[in-house]
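Atoms considered below: every heavy atom in the structure, side chains included; atoms not considered: hydrogens, waters and symmetry mates.
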Amino acid sequence: MDQLLLQMGLNVSSSFVYDWLKSYFVTNPRPTRDTLILDLASALHVSGASLCADKIISFLAKHGDIEISGSRIFVKDAIVYETKGHRFAMRDDTTSET
């Protein structure tokens, strides 16, 4: 089971990185290494996920933007959204429910 979960996480991560880099190079055809690293570290995109928790799910956009699309979030007690100078967006039929 551990190997299956590890492989799923690797597939999601590699898909995210590929899509992000593809769109990044379209808008920034000649980035420097330093700007690429800073821009890559400042964004999290979650797409098509099903997030479930028994107690609380907390999203904190403290060091970069968070975007969730086409996902379902379900928690029994609470969902906490917090931003500190960054953007948090839910779109494309994302639902959240407590």
| query | Do F74 and M90 belong to the same hydrophobic cluster, where Ile, Leu, Val, Met, Phe, Trp and Tyr are linked whenever their side-chain heavy atoms lie under 4.5 Å apart, directly or via other members? | reply | no
| task | May I ask whether V75 and Y81 are part of the same hydrophobic cluster, defined by side-chain heavy atoms of I, L, V, M, F, W, Y residues being less than 4.5 angstrom apart, directly or through others? | result | yes
I need the minimum non-hydrogen distance between [X] and [Y], along with the two atoms involved.
| X | Y | value |
| --- | --- | --- |
| S69 | D92 | CB-OD2, 3.6 Å |
| D54 | K76 | O-CB, 3.0 Å |
| A53 | I57 | CB-CG1, 3.6 Å |
| S71 | A49 | OG-N, 3.0 Å |

| query | More than 12 foreign heavy atoms under 6.0 Å from CG of D93: is that the case here? | reply | no
| task | Please tell me if the side chains of F59 and L51 come closer than 4.5 Å, counting only heavy atoms from C-beta onward. | result | yes
| field | Side-chain heavy atoms of N28 within contact of T35, under 4.5 Å | value | no
| task | Please lay out, stage by stage, how E67 and S47 fare under the test side-chain contact (heavy atoms from CB on, under 4.5 Å). | result | CA-CA 8 Å; E67 179 181 298; S47 180; over 6 Å; no
| task | Enter the distance from I66:CD1 to R87:CZ here, rounded to the nearest 0.5 Å. | result | 10.5 Å
| query | Taking atom CD1 of I68 and atom OG1 of T95, what is their separation to the nearest 0.5 Å? | reply | 11.0 Å
| message | Under a 3.5 Å distance rule, please check whether D77 uses its side chain to pair with a backbone N or O of I56 as donor and acceptor. | response | no
